[in-house]
There are 2 protein chains.
Amino acid sequence: MVTLADVARHAGVSASTVSYVLSGKRSISAPTRERIQHSIDTLGYRPHAGARALASSRTDILALMMPLRTGLYVPVMMEIAMAVTTTARSHGYDVLLLTGEEGPEAVRRVEGSAIADAMIVMDVGLDDPRLPWLREAARPAVLIGLPTETADAVGTRGLDCVDLDFEAAGARCVEHLAGLGHTRVAVLGEPPAVYERGTGFAARTLTGLRAAADRHGVGLLHRPVDGTYAAVAAAVARVFEERPGTTALVVQNEAAVEPLLALLRHQGRAVPEDVSVVAICPDQVAVHASVPLTAVSVPAREMGRLAVERLVGRLAGEEPRGTELIAPRLTPRASTGPVAALASPDAPTEDRRGHGGR
Amino acid sequence: MVTLADVARHAGVSASTVSYVLSGKRSISAPTRERIQHSIDTLGYRPHAGARALASSRTDILALMMPLRTGLYVPVMMEIAMAVTTTARSHGYDVLLLTGEEGPEAVRRVEGSAIADAMIVMDVGLDDPRLPWLREAARPAVLIGLPTETADAVGTRGLDCVDLDFEAAGARCVEHLAGLGHTRVAVLGEPPAVYERGTGFAARTLTGLRAAADRHGVGLLHRPVDGTYAAVAAAVARVFEERPGTTALVVQNEAAVEPLLALLRHQGRAVPEDVSVVAICPDQVAVHASVPLTAVSVPAREMGRLAVERLVGRLAGEEPRGTELIAPRLTPRASTGPVAALASPDAPTEDRRGHGGR
DNA sequence: ATGAAAGCGCTAACAA
DNA sequence: TTGTTAGCGCTTTCAT
């Protein structure tokens, strides 16, 4: 193994000079620097991560805590994870992947063993047991997601948070539909399990949806659904039964998107002529759906990138900046249109078979 | 920060004794061990990862190289990644996540910086540029996937591989269908990009499919498809045009599963009465599809687990064991049945519209 | 069964 | 601008 001492010897300088060339922490004359750089290249030297960590108390590693609980849409998690690692690499950091299995213990392990310099925490619950440990930890942490419904809540104190402004996102969906004349809207939400364990983003979306619905005089029905065809079918059936005049749907459930579109097609409800559909999902899902969806995009990449940049800043001495919410962006596509003016808005058109009707 | 020296002082023993209690590498009298353990608990001591790595040249970290190239089904990758991390944890290892961005450079980085003890490499291509570096590396590596079409090929020398036996999996699908009387089968494969870059598993599946088709006198059509409704529709249309008598489909493309089923439904082709469908996909996809699919399952968890266990074995001194292929398991579900005996097998039944017919 | 002590490879004062 | 040196916290040989 090639050590720093080897390089120093080869270049005819002292070890510290080599170290300083590497870190750039003091000025080196051009000739020496070049000579040392040449030795480094020739010998194929790489600093030993452990030795560096021991001497400098910096590992250049970020820990990514990613519990994968039921009901979460895996590709989004993955996209965040990938954005985190690539952004981290571009700042010279590696990423240690931690699953949820260990729970709060993982936080203590990272802290106690100095195995990483900082942590990114995903899938934050309202009363997340990791939070107390994160607050006490000497290392900075950034949450992707909010532990509480409101951005400035006490629970967030001292912790940096990055997330989509799901409340605004929900509101944006209703506003868009209200603008098209829709007054009866149903929401197909995340699976029940997601709400039950108090996942922040789902609750916040609902808050935004309801507030906007009130403001615009829109009637709102909310149904959590599992991402299966059967569950979606059952939920939609109930919706049209309980409120036949429904002309628009908001979907916040990536796994339910295709089942929903297939179902509507099968029922002979045309999108957007009979029913408008707005989704809250990644652009990729919206674009590739069998009907391109008008949607508020969930900016997975950006969230990952922001989290890392925040963390890198903190490690460079910046102060915590609290919560940073990404403003929602709604892109109109083919799935929404004005509410039908003449035809009865709730009955499928005549030449299609369907279950609707009042 | 609590150090080993602190613990030693607190327990009234030497540092080495504490170290040996931790590693179990020499026998300690019960009283001393208990006293030391008590001090460890009281002080909340955790060994410093960097210091340990420096002194022992072991990091207790496994690197997971997971390029996420187009056409890959993300949830499978994720499931492997999760299985890797949880299995790794159960053996005392952490996992460092590396994306494909860096390519072969990542291998050299891990090797040179002693940042991990071993590596798991995913998404291996036929002529993967990482392979030469992996072979030269001092650290053991396990590939998930095969770099070549045949298990014993030269390219694999010295490297451990773990994978599903995709060749046998392909064969198994054809055998199942042949057993039900089907003689004209079409394969909807992975996206073209996957074949083009020479991904081993796709090629191997095809080999197995073709061999079995030959053996059983089955006519086989192969169409790579992107996982979109439009692409699937186009491919299926071509299939029934070119070979109207087709009565069964094999799908090796998770993203295409639902679009395919929706399309068949829409065309009025009943599954399995008019068309049998066999998939090669994770159980979860097969079970939750809108028609529960007869499928050869892709055992993502097991692959991740096996890879880690192999690696842990190697780190404990075991010799490389070469390639280990997991035998395919086909589970019959609702999507396959005997080829229709009386009715013309290629035309949809009368009350449905369809494009088939000879 | 336990202790003493020499590093592991690097960083960062402190000197010159 | 460069060199000298004292650790960082742990493992492990060599003694006892």
Side-chain angles (χ1 to χ4, degrees), chain A residues 1-37 39-40 43-61 92 109-117 138 315, chain B residues 1-37 39-40 43-61 92 109-117 138 315:
Chain A
M1 188 206 182
V2 185
T3 72
L4 185 144
D6 295 332
V7 175
R9 204 171 311 121
H10 185 271
V13 296
S14 76
S16 64
T17 304
V18 177
S19 175
Y20 282 119
V21 164
L22 258 47
S23 68
K25 286 186 179 171
R26 80 179 180 193
S27 50
I28 308 284
S29 71
T32 9
R33 190 188 22 260
E34 278 157 24
R35 198 148 35 85
I36 290 175
Q37 190 56 56
S39 300
I40 289 176
L43 301 178
Y45 166 75
R46 310 239 178 194
H48 186 287
R52 175 176 280 193
L54 178 56
S56 66
S57 347
R58 299 185 74 261
T59 60
D60 291 351
I61 288 179
R109 217 160 52 79
V110 168
E111 176 75 7
S113 301
I115 207 174
D117 298 333
L315 288 172
Chain B
M1 187 203 183
V2 185
T3 72
L4 185 147
D6 295 332
V7 175
R9 204 172 309 122
H10 186 269
V13 296
S14 76
S16 63
T17 304
V18 178
S19 176
Y20 282 119
V21 164
L22 257 46
S23 68
K25 285 187 181 172
R26 80 180 182 193
S27 51
I28 308 285
S29 73
T32 12
R33 188 185 27 256
E34 278 157 27
R35 199 149 34 87
I36 291 175
Q37 190 55 56
S39 299
I40 288 176
L43 302 178
Y45 166 73
R46 309 236 179 198
H48 186 286
R52 175 175 281 192
L54 178 56
S56 66
S57 353
R58 299 185 75 261
T59 60
D60 291 350
I61 288 180
R109 219 161 53 79
V110 168
E111 175 75 7
S113 301
I115 207 175
D117 297 334
L315 288 172

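Just so we're on the same page: letters track the sequence lines, and every chain starts at 1.
Taking atom CG of B:D6 as the reference point, atom C1' of D:dG9 lies 10 Å away to the nearest angstrom. Atoms NE2 (B:H48) and C1' (D:dC10) sit 10 Å apart, rounded to a whole Å. Rounded to a whole Å, the OH atom of A:Y20 is 11 Å from the C1' atom of D:dG3. B:R58 has its CZ atom 14 Å from the C1' atom of D:dT12, to the nearest Å. To the nearest angstrom, P of D:dT16 lies 14 Å from CZ of B:R26. The distance between atom CG of A:L54 and atom C1' of D:dG9, rounded to the nearest whole Å, is 5 Å. Put simply, CG on B:L43 is 15 Å from P on D:dG9, counting in whole angstrom units. The nearest whole Å value for the distance from the NZ atom in B:K25 to the C1' atom in D:dC10 is 11 Å.
Applying the 3.5 Å distance criterion, the base of D:dT4 shares a donor-acceptor pair with the side chain of A:S16.
From B:S14, atom OG reaches atom CG of B:L4 across 9.0 Å, with rounding to the nearest 0.5 Å. Note that NE2 of B:H48 is 8.5 Å distant from OG1 of A:T59, once rounded to the nearest 0.5 Å. B:S56 contributes atom OG, which lies 8.0 Å from atom CG of B:D117 (distance to the nearest 0.5 angstrom). Between B:I115 atom CD1 and A:I61 atom CD1 the span is 5.0 Å, to the nearest 0.5 Å. Annotation: the span from A:R52 atom CZ to A:S23 atom OG amounts to 8.0 Å, rounded to 0.5 Å.
Counting non-hydrogen atoms under 4.0 angstrom, A:T3 reaches the backbone sugars and phosphates but no base. Residue-level contact check: B:L22 touches neither bases nor backbone, having no heavy atom under 4.0 Å from any strand. B:T32 comes within 4.0 angstrom of the backbone, heavy atoms only, and of no base.
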Side-chain atoms of residues 27-34 of chain B: list all donor-acceptor pairs with protein atoms under 3.5 Å, sequence neighbours left out, distances to 0.1 Å.
unit_1	atom_1	unit_2	atom_2	d
B:S29	OG	B:T32	OG1	2.3
B:T32	OG1	B:S29	O	3.0
B:R33	NH1	B:I28	O	3.1

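Nearest-nucleotide positions on DNA chain C for B:S56 and B:S29 put B:S29 closer to the 5' end. Of the two residues contacting DNA chain C, namely A:T17 and A:M1, the nearest-nucleotide position lying further toward the 5' end is that of A:M1. The residue among B:R46 and A:I28 whose nearest nucleotide of DNA chain D lies closer to the 5′ end is A:I28.
The side chain of A:S14 places no N or O atom within less than 4.0 Å of a non-bridging phosphate oxygen (OP1 or OP2) of D:dT4.
Reading DNA chain C from its 5' end, the first and the last nucleotide to sit under 4.0 Å from a heavy atom of chain B are C:dA1 to C:dG9.
Between the side chain of A:R35 and the main chain of A:A11, a donor-acceptor pair closer than 3.5 Å is present.
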